[in-house]
Amino acid sequence: MARTLTIDGQEDTVLAEASAVLARGLPVAIPTETVYGLAADATNAEAVRRIYAVKGRPSINPLICHMSDLAMAEGYATFDPLSRRLAEAFWPGPLTLVLPLKPDSPIARETTAGLTTVGIRVPQGFAGALIAAYGKPLAAPSANPSGRISPTAASHVEAGLGERLELILDGGPATVGVESTIVKVEADGTLRLLRPGGLSADEIERVAGVTLTRGKAGAAAIEAPGMLPSHYAPRAAVRMNATEVRPGEAFLKFGADSVPGEDKAAAIFALSASGNAAEAASHLFELMKRADEAGVTSIAVSPIPSTGLGEAINDRLVRAAAPRPGPVTDEGTS
Ligand code: AMP
Ligand code: MG
């Protein structure tokens, strides 16, 4: 069973302990502002293989490389002017840039799943300090069994992966609560949204001065498992855009207005009583888990406007609601 270390009040001890585990080629669960990550030395092929093994993640699904700052990132990838402008505006923060790997980059093939590009992000808070102390980038997907709901608290990581890990760092609840937004500047200069996430599209467009392109990119590989239709799957079915609650359902509520059938709900969880998408994003995964734990067979979710962080919320809900490829187990679905 994993040891859980609280970061608050003993940062230096935790930095040293976590660095030692990373140096042994083992993954460590770490807090970030988006979700908890399962981090390992991105330059150590064996360490990165352990991430895939622990999560049960398909190895053709590339991992995001976490860096301490833009200067470190420039050592591993080539930045075009627009990507650099976005990095300067939003790092550290919930934005991942897909960039060409530098020739002879020491990033392990396993990290990028063999692609010639790499997804890079600079996380806020302790994760950035850990990378700076360790001195090398950390590859980190979310610290949950593949296909299941992402963890936004150390207790979620313990419940999902505790038996398979040595060390979990507890930095309190994730403040953003959904994974990073992933964008890529294409060869023709267009800016493509690969995944909506914790930084809204309009904020990116405001700094970029161009409109994001949505939809399929040329290379099928990058659209593959990270974009699996069924992901973030609770055990219960998920029913989106619910304008009424059916008897016995759990209800994830957005806004304050009462909804027909509410009195017959098994449980009601407020994503945001004031109808604030950022607040709803920060509660989404925690409340999906709690709704699931209520033992219901169906989770009804209020309609959520797809503006701001609503786009990321609806993306995750669509995946949570998608037909499952097989029985959902703690081993994941894929
Ligand atoms: P996560 O599951 O949050 O670790 O995010 C990983 C996702 O980032 C992958 O599933 C891809 O969608 C995306 N990604 C990472 N690296 C690349 C890359 N080199 N090119 C395109 N997408 C990438
Ligand atoms: Mg994930």
Side-chain angles (χ1 to χ4, degrees), residues 27 29-30 32-40 42 48 51-52 54-67 73 76-79 83 94-102 105 107-121 123 127 137-152 156-157 160-161 174 176-187 191-199 213-234 281 284-285 288-289 312 315-316 319-320 332-334:
I30 63 168
T32 84
E33 76 278 34
T34 58
V35 301
Y36 273 68
L38 186 59
V48 176
I51 294 179
Y52 287 100
V54 165
K55 280 182 60 84
R57 178 176 171 113
S59 60
I60 52 165
N61 193 359
L63 304 178
I64 292 171
C65 255
H66 295 72
M67 307 274 177
Y76 295 89
T78 306
F79 283 71
S83 294
L95 174 70
T96 296
L97 297 167
V98 172
L99 300 159
L101 261 182
K102 282 203 163 158
S105 164
I107 303 278
R109 273 185 64 82
E110 284 73 3
T111 300
T112 59
L115 298 171
T116 55
T117 53
V118 58
I120 296 185
R121 173 170 112 77
L138 298 180
S142 52
N144 55 298
S146 185
R148 301 303 305 276
I149 300 169
S150 295
T152 52
H156 303 162
V157 182
L161 295 177
V176 174
V178 291
E179 296 82 352
S180 60
T181 302
I182 307 178
V183 301
K184 182 183 183 198
V185 177
E186 301 285 6
L191 182 61
R192 184 174 296 278
L193 178 67
L194 296 177
R195 175 178 76 185
L199 182 65
T213 310
R214 290 171 169 80
K216 296 261 178 245
I222 60 167
E223 299 285 331
M227 304 293 159
L228 271 180
S230 171
H231 213 78
Y232 311 101
L284 178 67
F285 291 144
M288 250 160 69
K289 281 177 212 281
D315 172 84
R316 304 309 186 268
R319 291 174 209 283
T333 56
S334 39

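One-based numbering, in listed order, for ligands and for the atoms of each.
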**Student:** Looking at ligand 1, is there an atom of it that comes within less than 4.0 Å of some heavy atom belonging to Thr112?
**Tutor:**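 Thr112: no contact with ligand 1 (<4.0 Å).
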**Student:** Hey, is ligand 1 close enough to Arg195 that some N/O pair sits below 3.5 Å?
**Tutor:**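 So ligand 1 has an N or O lying under 3.5 Å from an N or O of Arg195.
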**Student:** Nearest 0.5 angstrom please: Asn144 CG to Tyr36 OH, how far?
**Tutor:** 13.5 Å
**Student:** Check whether Arg148 reaches the backbone of Ala233 with its side chain - one donor and one acceptor, N or O, closer than 3.5 Å.
**Tutor:**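 Flag set: sc Arg148 to bb Ala233 pair under 3.5 Å.
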**Student:** For ligand 1, which atoms sit closer than 4.0 Å to a heavy atom of Thr117?
**Tutor:**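 Those atoms are 18 (C), 19 (N), 20 (N).
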**Student:** Quick check for you: to the nearest 0.5 Å, what is the distance between Leu99 atom CG and Ile120 atom CD1?
**Tutor:**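 Between Leu99 CG and Ile120 CD1, I get 5.5 Å after rounding to 0.5 Å.
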**Student:** Going through the distances and angles, do Leu97 and Val183 end up as a side chain to side chain contact (heavy atoms under 4.5 Å, CB included)?
**Tutor:** CA-CA 5 Å; Leu97 297 167; Val183 301; 3.6 Å; yes
**Student:** Which of these, Arg316, Met288, Glu179, sits in a side-chain contact (heavy atoms from CB on, under 4.5 Å) with Ser150?
**Tutor:**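 Result: among Arg316, Met288, Glu179, Glu179 is the only option passing the side-chain contact (heavy atoms from CB on, under 4.5 Å) with Ser150.
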**Student:** Considering only heavy atoms of Ile182, which atoms of ligand 1 have at least one such atom less than 4.0 Å away?
**Tutor:** 7 (C), 8 (O), 13 (C)
**Student:** Pick, from Thr34, Asn61, Ile51, Val118, the option with the minimum heavy-atom distance to atom 10 (O) of ligand 1.
**Tutor:** Asn61
**Student:** Only heavy atoms count here, so choose which of Pro141, Pro62, Pro58 is nearest to atom 23 (C) of ligand 1.
**Tutor:**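 Answer by nearest heavy atom: Pro62.
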**Student:** For Ser180, which of Thr32, Ile64, Val35 qualifies under side-chain contact (heavy atoms from CB on, under 4.5 Å)?
**Tutor:** Ile64
**Student:** Return the OG to CG distance between Ser83 and Leu95, rounded to the nearest 0.5 Å.
**Tutor:**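 If we round to the nearest 0.5 Å, Ser83:OG and Leu95:CG are 9.0 Å apart.
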**Student:** Has Tyr232 got an N/O/S atom less than 2.8 Å from the Mg ion (ligand 2)?
**Tutor:**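 Checking the Mg ion (ligand 2) against Tyr232, no N, O or S atom falls under 2.8 Å.
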**Student:** Between ligand 1 and Arg57, can you find any atom pair, the residue atom being a heavy atom, that is separated by under 4.0 Å?
**Tutor:** yes
**Student:** Within the 4.0 Å heavy-atom shell around Leu115, which atoms of ligand 1 are there?
**Tutor:**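 Under 4.0 Å from Leu115, ligand 1 has these atoms: 18 (C), 19 (N), 20 (N).
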